[in-house]
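Worksheet: the structure to be examined is printed underneath.
Atoms within a ligand are numbered from 1 in the order they appear, just like the ligands themselves. Only this structure's heavy atoms are used, side chains among them; waters, hydrogens and symmetry mates stay out. By convention here, the first residue in the shown sequence is residue 1. Everything numeric in this text was worked out from a predicted model, so none of it was measured.
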Amino acid sequence: MNKEFFKFDFKVYDSIDELDEEDVYLLAEARKVSEVAYAPYSNFKVGAFAKLVNGKTVSGTNQENAAYPAGICAERTLMSTASSLFPGVGIATIAISYKNGNGKSDRPVSPCGICRQSFAEFQQRTKNPIRIILSGMEGKVYVIENAENLLPLLFGADDMK
Ligand code: THU
């Protein structure tokens, strides 16, 4: 029997003020875009804003539906947009923020499991690691260098070869 470990490091900043200029821009835009999310059921508005490897930027917000499972997260809205406008182009960095209409928005929240799976496929097919910036409307900021860190032992296309 062998024990295996999975661990990864990520950076924790006290606030947006500690980030470099480009990351400030991406996070500020993610915070801004969360305002236009369509989330009348959860009241939890999520905004994502990314810089692609080709230098272009794209945004995404969560889009809910009266039939709840039909809703889509901000991250996957962004990936669909990026992939539709710029097929095959990697995401360099994505900033994700949120505005919680039911409470505070002062700490980073992490992408859901489906989005983690989608990030993994996106970065595998574009052959480019996705850097993730997480923060609420204020407060601490997490920076994760590779989206795959969020999904240990992931299932991917290679497993079906
Ligand atoms: N949501 C996102 O858009 N991204 C996340 O990372 C977590 C959750 C959305 C889905 C749903 O519309 C609302 O937030 C509450 O779960």
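The existence of a salt bridge linking Glu145 and Lys11 is confirmed by a sub-4.0 Å separation between a basic side-chain nitrogen and an acidic carboxylate oxygen. Electrostatic pairing of Arg131 and Asp23 counts as a salt bridge here, judged by a charged N lying under 4.0 Å from a carboxylate O. The pair Lys45-Glu35 does not meet the salt-bridge criterion, since no charged nitrogen lies less than 4.0 angstrom from a carboxylate oxygen.
Closest to atom 5 (C) of ligand 1, if we only count protein heavy atoms, is Glu75 OE2, 3.4 Å. Protein heavy atom at the shortest distance from atom 9 (C) of ligand 1 is Asn62 ND2, 3.4 Å. Atom 12 (O) of ligand 1 has Glu64 OE2, 2.5 Å as its closest protein atom, hydrogens excluded (heavy atom only). Atom 3 (O) of ligand 1 has its closest protein heavy atom at Ala74 N, 2.9 Å.
Near Cys112, with a cut-off below 4.0 Å to any heavy atom, the atoms of ligand 1 are 6 (O). Atoms of ligand 1 found under 4.0 Å from any heavy atom of Phe44, numbered from 1 in the order shown, are 13 (C), 14 (O). In the vicinity of Ser42, heavy-atom distances shorter than 4.0 Å reach the ligand 1 atoms 13 (C), 15 (C).
Less than 4.0 angstrom separates atom 7 (C) of ligand 1 from none of the non-hydrogen atoms of the protein.
In this structure, Phe8 and Phe6 have tilted ring planes: the angle between them lies in the 30° to 60° band. Ring orientation note: the planes of Tyr41 and Tyr68 are tilted relative to one another, at an angle of 30° to 60°.
Within the structure, ligand 1 lacks Gly71 among the residues with a heavy atom less than 4.0 angstrom away. Ligand 1 is never approached by Ala39 to a heavy-atom distance shorter than 4.0 Å.
Arg125 and Ser83 share a side-chain donor-acceptor pair at under 3.5 Å. Between the side chains of Ser105 and Arg31, no donor N or O sits under 3.5 Å from an acceptor N or O. Side chains of Ser42 and Glu64: a donor-acceptor N/O pair is present below 3.5 angstrom, by distance only.
Every N/O-N/O distance between Cys73 and ligand 1 stays at or above 3.5 Å.
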